[in-house]
Structure formats: structure tokens, C-alpha cells
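The structure appears right after this line, and notes come after that.
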Amino acid sequence: MIILVTGGSSGLGEAITRKIAGDPNCKVYFTYNQSETNAKKIESDFPNAIAFKCNFRNEDDIEFLKEQIIKLNIDILINNAYFGEPIKSYFHKIPASDFLLDFKENIIPTVILTQAAINCFRKKKFGKIISISTSFLINTPPTGSSVYVANKAYLEQLSKIWAVENAKYNIVSNCISPSFMLTNFTKTVDDRVIEQMTENHPLKKLLTPEEVAESVFFLLNATQQINGLNIILNSATSIK
């Protein structure tokens, strides 16, 4: 299988890339922006892993990656990349322009890349799309997460449309919605908030990127009968 992981060089993305690259039957391409050192280390550790530099804020980079999707004829697209912070400020204090900017930098590139992938998948009557959402849409969202949650809600609904419109072409689209994890993406979150999250967690420990990567790997190899699913990783703190 040929897989593309966006944002696959650090945090959750790195865990996903490493998990997939551990299977010699997979060839995994992954993108990085600032984590070039990590990207080179992954390439060094796995001969079947190849990195592409891609800044989601750069239209030329997105166009290049779109061309690579077509050229490489990928089998699976994993939408993981997200630029910005999960926690900003109270909704009424956030400039409206922030919502537009984050949408432009996250959702629009994902739309462009997924369209390219679907066009490839339809030609060969096979493909999988796995999109990383968040359990913030299921649980009570943390204060200050309105921009992030809004974008993830949009992505989750798009994932359903991709599933419905492409099922007859043997193309599936599923989401994974993890709860809070400790990664570079969440490093700005106050330690007191993290301590409270840990204390309130049923298992008294936060979800790890490696645990999420296991779920991604499951969908990678799952039957095409699994379509339109959202796997929620929140230890049943809230059940949809």
C-alpha cells in the first residue's frame, strides 16, 4: 500500500508515520514543515518512509503535494496536519479574521488534497481516507477551543460526505477522534489544566499518540465495509 500522511513528522503524525512504516508492505510518504530533523530521522529509521516539505500556508507547496498525490497514485490519504493552536482565548475575544485564517490554512488545503486523492481512487476503484478529528466534539470542549473545534467539525462532516459519495467506487472515509494528548501541538496548554485533565480521566492517564496510531493502523487494514465511521478515543468519558 502507498500511504500519504500529512503533518507526519512530529507529535501524533510522527507516531502514525512510524507505526505504518513498521510494516514493510507499506510505503509511506509524509509531510513536514518545521520538523526537518525529525523527518530525516524517520527516513533514516525506515527505508520505506519518504518525506516531503509542505507548508499548508503556502499555495505552491499545496499544489506540489497535489501533483505528488497524482504522480504516486496513493492508496490511502491520512489527513492529520493542523496549523495553529487548539486553545486560544474566549470566543468573544477572538477576532473574526482568526476563524477565516485558520479555515484557509487548514480546511482548504485538506479539501484540495482530498479531491486529488479521490480522483486517483476513483480511477482504480479503491481508496481510503482517514481524517483526524477530536473528541472535543463529543465531550465538553475546553474553554478557548472555538476555532479549532469549528474546523474539526467541518472536517468531520466532510468525511461523511466523502464516504457517501464514493462508496460505490470502493472508497471509504473514516475519522478518528482522540481526546487530549501531550504533544508539541498542545505544549502551550497550562500545566494546571493538564493536571486536572489527568485527575479527571477514568484511567488517570492521558491518551498517547501511539495509542491513536494503533487505531489508524486498524483502519488502514480494515475491510471496506467500515465506512463513514468515527472512532472516538475518550475512555467513555462521553458516549455519542
inquiry  = As a quick check of understanding, evaluate side chain to side chain contact (heavy atoms under 4.5 Å, CB included) for Asn221 and Met1, giving each step before the final call.
reply    = CA-CA 10 Å; Asn221 296 284; Met1 289 189 293; 3.7 Å; yes
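- Remark: the backbone N or O of Gly13 is paired with a side-chain donor or acceptor of Thr17 at under 3.5 angstrom.
- With Lys124 contributing its side chain and Asn73 its backbone, the two residues share a donor-acceptor pair below 3.5 Å.
- A donor-acceptor pair under 3.5 Å links the side-chain atoms of Asn170 to the main chain of Lys125, judged by distance alone.
- Of the possible donor and acceptor atoms, none in the side chain of Ser173 sits under 3.5 Å from a partner among the backbone N and O of Lys160.
- Between Thr110 and Ile107 there is no side-chain heavy-atom pair separated by less than 4.5 Å.
- For the atom pair CD1 of Ile176 and CZ of Phe218, the computed distance is 9.0 Å after rounding to the nearest 0.5 Å.
- Within the 4.5 Å cutoff, the side chain of Arg122 has heavy atoms near those of the Ile171 side chain.
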request  = Carefully, step by step, assess Ser10 and Asn38 under the rule side chain to side chain donor-acceptor pair (under 3.5 Å).
outcome  = CA-CA 7 Å; Ser10 63; Asn38 271 11; 5.4 Å; no
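- Around NZ of Lys40, the count of heavy atoms belonging to other residues, nucleotides or ligands within 6.0 Å does not exceed 12.
- For the pair Ile132 and Pro178, the minimum side-chain heavy-atom distance is below 4.5 Å.
- Proximity of a side-chain donor or acceptor of Asn58 to a complementary backbone N or O of Cys54 within less than 3.5 Å is not detected.
- Among residues at least two apart or in separate chains, salt bridge (charged side-chain N to carboxylate O under 4.0 Å, His left out) pairs with a member in residues 9-20 are Glu14-Arg18, Arg18-Asp45, Lys19-Glu214.
- When atom types are taken as modelled, the side chain of Ser145 and the backbone of Tyr148 share no donor-acceptor pair closer than 3.5 angstrom.
- Between Phe30 and Gly8 the shortest heavy-atom distance is CD1-O, 3.5 Å.
- A donor-acceptor pair is defined here as one N or O able to donate and one able to accept, closer than 3.5 Å; no such pair exists between the side chain of Thr134 and the backbone of Ser177.
- Contact between Lys128 and Phe126 at its shortest, heavy atoms only, is CE-CZ, 4.3 Å.
- Between Leu65 and Asp61, every side-chain heavy-atom pair lies at or beyond the 4.5 Å cut-off.
- Partners of Tyr154 according to the side chain to side chain donor-acceptor pair (under 3.5 Å) rule, which considers only residues two or more places apart in sequence or in another chain, do not exist here.
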inquiry  = Checking Ile231 against Asn174 for the side chain to side chain contact (heavy atoms under 4.5 Å, CB included) test, could you report, in this order, the C-alpha distance in whole Å, the side-chain angles of both residues, the deciding distance, and whether it holds?
reply    = CA-CA 8 Å; Ile231 298 178; Asn174 296 293; over 6 Å; no
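- Side-chain atoms of Cys120 and Ile69, non-hydrogen and from C-beta on, do get closer than 4.5 Å to each other.
- Lys88 contributes no side-chain N or O that, together with a main-chain N or O of Ser146, makes up a donor-acceptor pair within less than 3.5 Å.
- Nearest heavy-atom pair across Asn48 and Ala21 is ND2-O, 3.1 Å.
- Summarising the geometry, atom CG belonging to Leu207 is positioned 8.0 Å from atom OG belonging to Ser135; distances are rounded to the nearest 0.5 Å.
- Looking only at side-chain heavy atoms (C-beta outward), Glu43 and Ile50 come within less than 4.5 Å of each other.
- Asn55 contributes atom CG, which lies 8.0 Å from atom CD1 of Ile62 (distance to the nearest 0.5 angstrom).
- With sequence neighbours excluded, the residues that form a side chain to side chain donor-acceptor pair (under 3.5 Å) with Ser131 are Asn79.
- Closest heavy-atom contact between Thr31 and Gly7: OG1-N, 2.6 Å.
- At a threshold of 4.5 Å between non-hydrogen side-chain atoms, the residues Leu219 and Val172 do not count as touching.
- Glu156 places no side-chain N or O within donor-acceptor distance of the main-chain N or O of Cys175, the cut-off being under 3.5 Å.
- For the pair Ile129/Ile118, a side-chain contact is recorded, criterion being any heavy-atom separation below 4.5 Å from C-beta on.
- For the atom pair Cys26 SG and Asp75 CG, the distance stands at 9.5 Å (nearest 0.5 Å).
- Of the candidates Phe56, Tyr29, Tyr32, Thr6 forms a side-chain contact (heavy atoms from CB on, under 4.5 Å) with just one, namely Phe56.
- A distance of 12.0 Å separates NZ of Lys66 from CD of Glu59, quoted to the nearest 0.5 Å.
- Classified by interplanar angle (parallel below 30°, tilted 30° to 60°, perpendicular above 60°), the ring pair Phe64/Phe52 is perpendicular.
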